Undergrad: 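Provided herewith is a single structure, encoded as structure tokens, for subsequent inquiry.
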Amino acid sequence: MSTDLLTPPTRANGSPDDGFSGEQKRYLEGFFAALNAKGISFGDLAPAPAGPAVPAGPNLDDLTKEERIKHDLHPFDAIEQLMLDARWNAKPDPESIFRFKWNGLFWLSPVKDGYMCRLRIPGGVVKSFQLRELAAISRELTSGYIQITTRNNFQIRLIEPKNCPEVLRRIQSVGLHSKGAGADNIRNITMNPCAGYDPMELIDVRPFVNELATHIISSKEFYDLPRKFNIAFDGGGLVSSVEDTNDIGASAVEIGENDQGIEPGVWFRIALGGVTGHQTFASDWGVLVKQDELIKVVLAIVRVFIRDGDRTNRKKARLKYLLEERGFEKFLTDVEELGKFKLLRLAADSPVQLARKFSQQGHTHVGAYPQKQEGLHYIGASVPVGQMTPKQMERIADIADSYGTGEVRLTVWQNFIIPNIPAAYVKTASKALSKLGFPTEQSPLRNGFVACTGNRYCKFAASDTKGHAIAMMDYLDKRVKLDKPVNVHFTGCAHSCAQHFMGDIGLLGTKAKGESGEGYHITVGGGFGENRKVGRQIFSTVPFESLGTTLEGMLKCYLAKREGDESFHTFCNRHTVGQLQELFSNS
């Protein structure tokens with residue numbers, strides 16, 4: 001008899017393949033355990049030893065459609081289908097549309113028949129050679145549309161199915177990734193755009209960002225979350241990372257000499273549960289974390305969320321809702337137990353001073369500023385609503401090589417920074433950037449515009465946010481002269497990718513009467529950091545055709561009726577909604 005017939009087949013990892021799926025095995029184990037508990041056994045087979053208790057979890061039938069799709073086939077294992085679709089240049093089926101997001105590919109139908117590819121660029125740090133290859137990919141394999149996102153990242157579109165494998169291969173060939181850039185994954189990690197260069201920062205957070213990114217990119221464990229998850233690090237510099245809008249925001253604080261038994265030095269505070277699209281900022285967790293334990297703590301938080309997050313209701317699947325259900329103290333205990341560590345709790349009445357010694361609100365990253373490295377400067381350039389062409393991207397790479405060290409930093413405001421420019425070259429580099437279409441002069445109005453993708457490429461958006469934002473820049477710049485920055489955030493739908501609730505002026509796209517059929521709900525008074533505030537809606541369904549005159553009246557009213565040199569944020573928040581409606585309607 002052939003010995004092959006006596007040898008059980010094996011899986012790719014070398015373990016025996018008994019022909020049963022995981023679901024079938026769990027069923028059989030439960031079935032035989034129940035029989036054994038009743039004293040029923042089979043012949044001379046000894047009773048199986050009791051296994052570890054299976055943790056309680058939702059029944060498969062209770063899971064959301066998305067969870068069942070992931071259960072049937074892990075999205076990374078759908079790469080074969082992606083290749084088959086490419087061979088025939090075929091449109092994806094509904095389940096593949098969801099799974100392909102794990103490779104950063106987003107099918108844009110019904111708006112367009114093609115994909116958008118979102119990258120993963122930890123901390124927004126990109127090199128000149130990577131910019132050149134991205135520009136070449138965009139020119140050769142896409143429609144040439146490049147966008148800086150609000151998570152210091154790039155998106156490129158429009159990609160035909162036949163070109164997707166080549167786009168992914170070429171992205172990876174220059175050390176970049178698109179893995180986990182969408183759906184139920186940890187999104188691109190953000191940080192202060194001037195980390196390592198800012199003379200005011202408490203600590204350079206790049207090592208933390210890179211270590212965490214390596215964990216995420218290398219482990220399949222972190223590619224099955226209940227919903228998306230955002231993480232940001234703030235090293236205490238002049239330019240904020242807007243960390244309090246994230247599920248986890250880690251902020252550096254300096255602890256001086258104290259009588260609380262806390263070792264002096266730089267620690268991290270952790271804020272949890274930020275989802276500005278759900279009108280919620282992250283709340284302080286009440287703990288201090290040592291530098292060498294920070295990544296361990298962050299990973300433990302994520303693992304508790306993976307284990308306990310709601311997989312039966314997509315609307316309640318963010319960390320915010322797990323915290324509301326469990327409470328911060330119980331969640332803290334769960335994280336400590338899973339991570340096998342003990343965190344330093346900080347009492348609410350602790351005399352230890354944790355506030356920043358300066359405001360991040362009054363500093364803009366646009367312009368030239370000295371670095372902590374003597375004789376060097378970084379230059380921040382404004383990119384109108386984050387859009388650029390392949391040719392412009394190549395030219396940015398040339399400027400970074402010619403005047404800097406070939407490095408570029410992307411920002412959450414859809415702009416970029418070129419660091420390490422010697423003082424002698426600052427004026428020349430600034431002039432080159434401005435000539436390219438990316439001004440380096442501060443503008444209290446134009447520099448504050450942020451816009452999501454809009455309905456030109458996104459099926460969820462109700463309005464052309466980017467086109468409208470550029471039109472409003474041009475309209476208002478000719479009519480209103482501001483002496484203090486005002487941030488204007490255009491977002492096309494309730495997902496709030498442009499975080500309209502945290503803008504001085506937030507605009508949420510909607511259908512409206514008018515020639516275009518598009519309009520906006522208007523909120524005011526939002527802010528972040530020490531100005532954190534969810535904006536309040538004052539006008540609804542303003543047609544785009546009336547938006548310019550409405551915003552012009554609002555800004556001119558603010559200039560005429562403010563107290564001293566108060567900001568637009570302060571002006572709005574010392575008035576009620578009714579008062580603002582009356583003031584702005586009569587201006």
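Side chains included, hydrogens not; waters and symmetry mates left out as well; all remaining heavy atoms used. Values in this document were obtained by computation on a predicted structure and should not be read as measured data.
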Undergrad: Could you report the tightest heavy-atom contact between Thr149 and Phe154, atom names first, then the distance?
TA: CG2-C, 4.2 Å
Undergrad: For a 4.5 angstrom cut-off between non-hydrogen side-chain atoms, does Ile270 reach Leu294?
TA: yes
Undergrad: Output yes when a side-chain donor or acceptor of Ser546 lies under 3.5 Å from a complementary backbone atom of Val542, and no otherwise.
TA: no
Undergrad: If only atom types and distance count, is the side chain of Arg318 paired as donor or acceptor with the main-chain N or O of Lys228 below 3.5 Å?
TA: yes
Undergrad: Could you give the distance from CZ (Phe501) to CZ (Phe281), rounded to the nearest 0.5 Å?
TA: 10.5 Å
Undergrad: Around atom CD of Gln581, are there more than 12 heavy atoms from other residues, nucleotides or ligands closer than 6.0 Å?
TA: yes
Undergrad: Check this for me, if you would: do Arg574 and Glu566 make a salt bridge, where the nitrogen-to-carboxylate-oxygen distance has to be below 4.0 angstrom?
TA: yes
Undergrad: Using a strict cut-off of less than 4.0 Å between a Lys/Arg side-chain nitrogen and an Asp/Glu carboxylate oxygen, indicate whether Asp474 and Arg446 qualify as a salt bridge.
TA: yes
Undergrad: For the residue pair Phe438 and Ile396, establish whether any side-chain heavy-atom pair is separated by less than 4.5 Å.
TA: yes
Undergrad: Has Glu518 got a side-chain atom pairing as donor or acceptor with Asp464's backbone, closer than 3.5 angstrom?
TA: yes
Undergrad: With side-chain contact (heavy atoms from CB on, under 4.5 Å) as the criterion, how do Tyr223 and Ile216 come out once you've worked through the C-alpha distance, each side chain's angles and the decisive distance to 0.1 Å?
TA: CA-CA 8 Å; Tyr223 291 95; Ile216 294 169; 3.9 Å; yes
Undergrad: So which atom in Thr453 and which in Thr465 form the shortest heavy-atom distance, rounded to 0.1 Å?
TA: C-OG1, 3.7 Å
Undergrad: When rounded to the nearest 0.5 angstrom, what is the spacing between OH in Tyr558 and CG in Leu580?
TA: 13.0 Å
Undergrad: If you look at every heavy atom in His500 and Leu507, which pair is closest and at what distance?
TA: CB-N, 3.9 Å
Undergrad: Do Met472 and Phe544 have side-chain heavy atoms sitting under 4.5 Å apart?
TA: yes
Undergrad: So which of Asn192, Thr411, Asn188 actually passes side-chain hydrogen bond (donor to acceptor under 3.5 Å, both in side chains) with Asn152?
TA: Asn188
Undergrad: Looking at Asn487, is its backbone amide N or carbonyl O close enough to the side chain of Asp504 to form a donor-acceptor pair, meaning the two atoms are under 3.5 Å apart?
TA: yes
Undergrad: Taking salt bridge (Lys or Arg N to Asp or Glu O under 4.0 Å) as the definition, give me every residue that meets it alongside Asp334, ordered by chain and number, with sequence neighbours left out.
TA: Arg326, Lys330
Undergrad: Answer yes or no for Lys112 and Tyr457: cation-pi contact, defined as NZ/CZ to six-membered ring centre under 6.0 Å and angle to ring axis within 45°.
TA: yes
Undergrad: To the nearest 0.5 angstrom, please state how far the CE atom of Met554 sits from the SG atom of Cys572.
TA: 6.5 Å
Undergrad: Might you work through the side-chain contact (heavy atoms from CB on, under 4.5 Å) test for Ile522 and Phe584, ending with a clear yes or no?
TA: CA-CA 12 Å; Ile522 301 178; Phe584 291 154; over 6 Å; no
Undergrad: Answer yes or no: is there a donor N or O on one side and an acceptor on the other, between the side chain of Lys459 and the main chain of Asn455, under 3.5 Å?
TA: no
Undergrad: Considering non-hydrogen atoms only, spot the tightest contact between Ser240 and Pro193 and give its length.
TA: O-CD, 4.0 Å
Undergrad: I'd like to know whether the aromatic ring centres of Tyr197 and Tyr378 sit less than 6.0 Å apart in this structure.
TA: no
Undergrad: Show the numbers, then the answer: is there a side-chain contact (heavy atoms from CB on, under 4.5 Å) between Asp308 and Phe331?
TA: CA-CA 10 Å; Asp308 299 341; Phe331 186 78; over 6 Å; no
Undergrad: How many angstroms lie between atom CD of Glu582 and atom SG of Cys557, to the nearest 0.5 angstrom?
TA: 10.0 Å
Undergrad: If we only count heavy atoms from C-beta on, is the Lys466 to Arg456 side-chain gap below 4.5 Å?
TA: no
Undergrad: Can you tell me how far apart CG (Leu332) and CG (Leu343) are? Round to the nearest 0.5 Å.
TA: 5.5 Å
Undergrad: Using modelled atom types and a 3.5 Å cut-off, is there a donor and acceptor pairing between side-chain atoms of Thr440 and backbone atoms of Ala381?
TA: no
Undergrad: Applying salt bridge (Lys or Arg N to Asp or Glu O under 4.0 Å), name anything that partners Arg562, two or more places apart in sequence or on another chain.
TA: Asp483
Undergrad: Which heavy atom of Gly492 sits nearest a heavy atom of Ser463, and at what distance?
TA: CA-OG, 4.2 Å
Undergrad: So do the side chains of Phe416 and Leu433 get within less than 4.5 Å of each other, counting heavy atoms only?
TA: yes
Undergrad: Where the side chain of Arg409 meets the backbone of Ala195, is there a donor-acceptor pair that is under 3.5 Å apart?
TA: yes
Undergrad: Regarding Asp184 and Arg311, does a basic nitrogen lie under 4.0 Å from an acidic carboxylate oxygen?
TA: no
Undergrad: Contact between Asp310 and Glu325 at the side-chain level, heavy atoms closer than 4.5 Å - yes or no?
TA: no
Undergrad: Can you check side-chain hydrogen bond (donor to acceptor under 3.5 Å, both in side chains) on Glu243 and Ser241, steps first, answer last?
TA: CA-CA 5 Å; Glu243 73 282 1; Ser241 67; 3.3 Å; yes
Undergrad: Ignoring hydrogens and geometry beyond distance, is a side-chain donor-acceptor pair present between Arg187 and Asn246 at under 3.5 Å?
TA: no
Undergrad: Salt-bridge test for Glu324 and Lys320: reply yes if a basic N is under 4.0 Å from a carboxylate O, no otherwise.
TA: yes
Undergrad: Tell me, with the steps shown, if Phe568 and Leu555 meet side-chain contact (heavy atoms from CB on, under 4.5 Å).
TA: CA-CA 8 Å; Phe568 186 84; Leu555 293 172; 4.2 Å; yes
Undergrad: Report yes if the side chains of Ile417 and Cys194 come closer than 4.5 Å at any heavy-atom pair, otherwise no.
TA: yes
Undergrad: Tell me if the aromatic rings of Phe490 and His468 count as close, with their centers under 6.0 Å from one another.
TA: no
Undergrad: With a 3.5 Å distance limit and no angle check, can you tell me whether Tyr520 reaches the backbone of Thr491 through a side-chain donor-acceptor pair?
TA: no
Undergrad: Tell me the closest heavy-atom pair linking Gln291 and Phe208, and the distance in Å.
TA: O-CE2, 3.4 Å
Undergrad: Using only atom types and a distance under 3.5 Å, with no angle test, would you say the side chain of Asp477 pairs donor to acceptor with the backbone of Met473?
TA: no
Undergrad: With Asp565, which residues qualify under salt bridge (Lys or Arg N to Asp or Glu O under 4.0 Å), at least two apart?
TA: none
Undergrad: If only atom types and distance count, is the side chain of Glu552 paired as donor or acceptor with the main-chain N or O of Val480 below 3.5 Å?
TA: no
Undergrad: Please report the interatomic distance CG(Leu158) to OH(Tyr145), rounded to the nearest 0.5 Å.
TA: 11.5 Å
Undergrad: Check whether more than 12 heavy atoms from other residues, nucleotides or ligands sit under 6.0 Å from atom NZ of Lys179, and answer yes or no.
TA: yes
Undergrad: Is there a side-chain contact between Thr150 and Gln414 (heavy atoms, below 4.5 Å)?
TA: yes
